[in-house]
Protein chains: 2
Amino acid sequence: MVVAPNRDRRAERREETRREILDAAWLIARQEGLPGVTLRAVAARVGMRAPSLYSHFASKNAIYDAMFGQAWTEFDAAAAAGYPGLPASPRAALTGAAKLFFDFAVSDLARYQLMNQRTIPGFEPSPESYAPAVRALGRLRSLLADLGLRDPAALDLFTAVTGGLIDQQLANDPGGTRWERLLGRVVGMYATEMGLPAGPETRQ
Amino acid sequence: MVVAPNRDRRAERREETRREILDAAWLIARQEGLPGVTLRAVAARVGMRAPSLYSHFASKNAIYDAMFGQAWTEFDAAAAAGYPGLPASPRAALTGAAKLFFDFAVSDLARYQLMNQRTIPGFEPSPESYAPAVRALGRLRSLLADLGLRDPAALDLFTAVTGGLIDQQLANDPGGTRWERLLGRVVGMYATEMGLPAGPETRQ
DNA sequence: GTCTATACACCGATAGAC
DNA sequence: GTCTATCGGTGTATAGAC
C-alpha cells in the first residue's frame with residue numbers, strides 16, 4: 001500500500017520557487033524602482049520565460065500582493081522586537097515607535113511606496129496580505145493605549161504626522177535628514193497635545 | 001510693403017489646440033485616474049490620432065508637465081485670493097491656510113497625485129512648471145513670517161503635518177472626513193509648538 | 001506646419017505543444 | 001511546469017501626404 005510521505009517535496013520545491021521569484025522582484029525593485037519590476041525582467045533573473053511565472057502567480061499584481069504582505073510582516077516583526085515594553089518615559093516610547101517606522105520607511109523607498117503609497121495603478125492588496133498591516137497598526141494602537149491614549153483620534157493623529165514627515169523626507173530630500181531632524185519635535189508636540197507629562201525638553 | 005499683423009492668428013490657434021489637449025487630459029484624469037491618460041485616449045477626445053499630439057507636445061511627460069504647472073498655478077492663485085491678510089488671530093490664519101490646501105487637495109485626487117505624489121514612473125517636473133509650486137510655497141513662507149515664524153523648520157513642519165493629514169485622508173478614507181476633522185487639532189498643536197498665543201480652545 | 005499611416009519595442013496576459 | 005507563439009495594449013519615432 002502506498003503511504004503519503006510526511007514531507008511533501010513537491011510543495012516544498014514550489015514554495016522555494018515562489019520565494020526565488022519574490023526575491024528577484026525585490027532586487028529589481030530596489031535597483032530599478034517599482035516600475036522596473038516587469039514579468040520579463042523577473043523571469044530572466046530566475047532563469048525562466050515570462051509566461052512561466054503564471055504557474056506560480058496568477059498575475060503581476062499577485063506578485064506585488066505577496067511583496068506587500070512580506071513587507072508588512074517584516075515591519076510587524078520589527079515593531080514587535082523594537083517597541084519598548086515599558087520605557088523610561090511615555091515620550092521616549094512615542095519617539096522610539098516613530099523612529100522605528102521612519103527608519104524602516106526611509107531605508108527602502110520601493111518597499112515604502114508599495115506598503116504605503118498608491119503608486120501602482122491597478123494594485124489593491126488582498127485581505128490576506130493586508131492582515132499583517134492591520135496587525136502592525138494594532139500593535140501601535142496597543143502602545144498608545146498603554147500610554148493612556150485610547151481615543152481613536154490619537155492613532156489617526158499619530159500616523160498622520162509621522163507619515164507626513166516620511167513623505168516629505170522621501171519626496172523632497174531623499175537620502176537627507178531635513179525632516180528626520182524634526183521627528184523629535186513632532187513627537188513632542190503630539191505628546192503635549194495628548195496631555196502626556198512633559199519630557200526634559202519640548203524644543204529639541 | 002507687407003506688414004506683420006498685430007495678431008498672430010497662427011500662434012493663437014496653436015495655443016488653443018494645446019489648451020484643448022490639456023483639457024481633454026484633465027477630463028480623462030478625473031474620470032479614469034491618472035494612468036488612464038494615454039496618448040490614444042487624449043487624441044481621440046480632441047479628434048486626432050495619437051502621433052499628432054507630438055506636433056504640440058514633445059512627449060507624454062510633457063503633457064503631464066504642463067498639467068503640473070497648471071495645477072500649481074491654479075493653487076497659487078487660490079492661495080493669493082484665499083490667504084487672509086491680517087486676520088483675527090494667528091491661529092485662524094494658520095487654520096485658514098491649512099484648510100485651503102486640504103480642500104484643494106481633496107477636491108481632485110488626480111490633480112493632487114500629479115502635484116504632490118510621485119505616482120507617475122518617469123515624470124519629473126521641469127523648472128518652468130516647478131516655478132509656480134515654488135511661488136506657492138513662498139507665499140506660505142511669507143504667511144508664516146508675518147506671524148513671526150521665520151525658522152525654516154517652521155515651514156517644513158507645517159507642510160509635513162498638513163500633508164500627512166491629506167495623504168491619510170485620501171488613502172484611507174477617500175470622500176470622508178476622518179482626518180479632515182483632525183485639522184484643527186493639528187494646527188493647534190503646531191501653533192502651540194511654535195509659541196503662538198493660545199486661541200480660544202486648544203482641543204477642538 | 002499639421003496631421004496621418006506605419007512601424008518598433010516594450011508591456012501583461014493567454015493558448016497550446018511538449 | 002515550462003516552453004513558443006501570439007494577442008491587444010502602451011509610448012514613441014519617422015516618413016510622407018496635404
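All figures in this text were calculated on a predicted structure; none of them were measured in a lab. A note on names: the letters A, B, ... follow the listed sequences, proteins ahead of strands, and every chain is numbered from 1.
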A.B. asks: Provide the start and end nucleotides, 5' to 3', of the part of DNA chain D that has atoms under 4.0 Å from heavy atoms of chain B.
C.D. replies: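 Range of nucleotides touched by chain B: D/dT10 to D/dT14.
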
A.B. asks: So A/Val42, base contact, sugar-phosphate only, or nothing? Heavy-atom distance under 4.0 Å.
C.D. replies: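 No contact.
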
A.B. asks: Can you run down the ring-ring contact (aromatic ring centres under 6.0 Å, His included) pairs that involve residues 142-185 of chain B, sequence neighbours left out, and say none if there aren't any?
C.D. replies: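 Listed once each, the pairs are B/Phe158-B/Tyr190.
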
A.B. asks: For A/Asp103, check side-chain contact (heavy atoms from CB on, under 4.5 Å) against everything at least two apart and list the hits.
C.D. replies: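 Checked A/Asp103 against side-chain contact (heavy atoms from CB on, under 4.5 Å); matches are A/Lys99, A/Glu180.
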
A.B. asks: Using whole Å, what does the distance between atom P of nucleotide C/dG12 and atom CG of A/Leu53 come to?
C.D. replies: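 My rounded result for the distance is 10 Å.
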
A.B. asks: NA contact type, B/Val37, heavy-atom cut-off 4.0 Å: base, sugar-phosphate, or nothing?
C.D. replies: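 The answer is sugar-phosphate, as B/Val37 gets under 4.0 Å only of primed atoms, P, OP1 or OP2.
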
A.B. asks: Under a 3.5 Å threshold, yes or no: a donor from one side chain and an acceptor from the other, between B/Arg91 and B/Thr192?
C.D. replies: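 Looking only at side-chain atoms, B/Thr192 and B/Arg91 do form a donor-acceptor pair, the distance falling under 3.5 Å.
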
A.B. asks: Output every pair passing ring-ring contact (aromatic ring centres under 6.0 Å, His included) with a member in residues 12-39 of chain A, not counting sequence neighbours, ordered by first then second residue.
C.D. replies: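 Found none.
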
A.B. asks: With sequence neighbours left out, which residue pairs that include part of residues 89-108 of chain B fulfil the ring-ring contact (aromatic ring centres under 6.0 Å, His included) condition?
C.D. replies: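 Found B/Phe75-B/Phe101, B/Phe75-B/Phe104.
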
A.B. asks: Checking the side chain of B/Ser129 only, and the main-chain atoms of B/Asp65 only, is there a donor and an acceptor separated by less than 3.5 Å?
C.D. replies: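 Judged by distance alone, yes, a pair lies under 3.5 Å.
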
A.B. asks: Not counting sequence neighbours, which residues clear salt bridge (charged side-chain N to carboxylate O under 4.0 Å, His left out) with A/Glu74? List them please.
C.D. replies: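 For A/Glu74 the salt bridge (charged side-chain N to carboxylate O under 4.0 Å, His left out) partners, ignoring immediate neighbours, are A/Arg111.
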
A.B. asks: Below 4.0 angstrom, N of the basic side chain to O of the carboxylate: do B/Arg9 and B/Glu12 qualify?
C.D. replies: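 Here B/Arg9 does not pair with B/Glu12 in a salt bridge, since their nearest N and O are not under 4.0 Å apart.
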
A.B. asks: Taking only Lys NZ, Arg NE, NH1 and NH2, and the carboxylate oxygens of Asp or Glu, determine whether B/Asp151 and A/Arg185 approach each other closer than 4.0 Å.
C.D. replies: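 Salt bridge present between B/Asp151 and A/Arg185.
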
A.B. asks: May I have all residue pairs that pass salt bridge (Lys or Arg N to Asp or Glu O under 4.0 Å) and include part of residues 32-47 of chain B, sequence neighbours excluded?
C.D. replies: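 Residue pairs with at least one partner in residues 32-47 of chain B: there are none.
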
A.B. asks: Kindly state which residues belonging to residues 120-127 of chain B come within less than 4.0 angstrom of DNA chain D, counting heavy atoms of the residue only, listed by number.
C.D. replies: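 Result for residues 120-127 of chain B: none.
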
A.B. asks: Please list, by residue number, the residues of residues 8-36 of chain A whose heavy atoms come closer than 4.0 Å to an atom of DNA chain C; answer none if no residue qualifies.
C.D. replies: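 Those residues: none at all.
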
A.B. asks: Detail all sub-3.5 Å separations between protein N/O atoms and N/O atoms belonging to nucleotides 5-10 of chain C.
C.D. replies:
none

A.B. asks: Keeping the roles fixed (side chain from B/Tyr64, backbone from B/Leu34), state whether a donor-acceptor pair exists under 3.5 Å.
C.D. replies: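 Yes, because the side chain of B/Tyr64 sits within donor-acceptor range (under 3.5 Å) of the backbone of B/Leu34.
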
A.B. asks: By the 4.0 Å heavy-atom rule, please label B/Leu39 as base, sugar-phosphate, or nothing.
C.D. replies: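 Base: the residue B/Leu39, judged by heavy atoms under 4.0 Å, touches a nucleobase.
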
A.B. asks: Enumerate the residue pairs fulfilling side chain to side chain donor-acceptor pair (under 3.5 Å) with a member in residues 161-170 of chain A, sequence neighbours excluded, ordered by first and then second residue.
C.D. replies: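 Every side chain to side chain donor-acceptor pair (under 3.5 Å) pair that includes a residue of residues 161-170 of chain A, provided the two are not neighbours, is A/Tyr112-A/Asp167, A/Gln117-A/Asp167, A/Gln168-A/Asn172, A/Gln169-A/Asp173.
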
A.B. asks: Quick one: side-chain contact (heavy atoms from CB on, under 4.5 Å) partners of B/Ala25, sequence neighbours excluded?
C.D. replies: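 Result, side-chain contact (heavy atoms from CB on, under 4.5 Å) vs B/Ala25: B/Val37, B/Val42, B/Ile63, B/Met67.
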
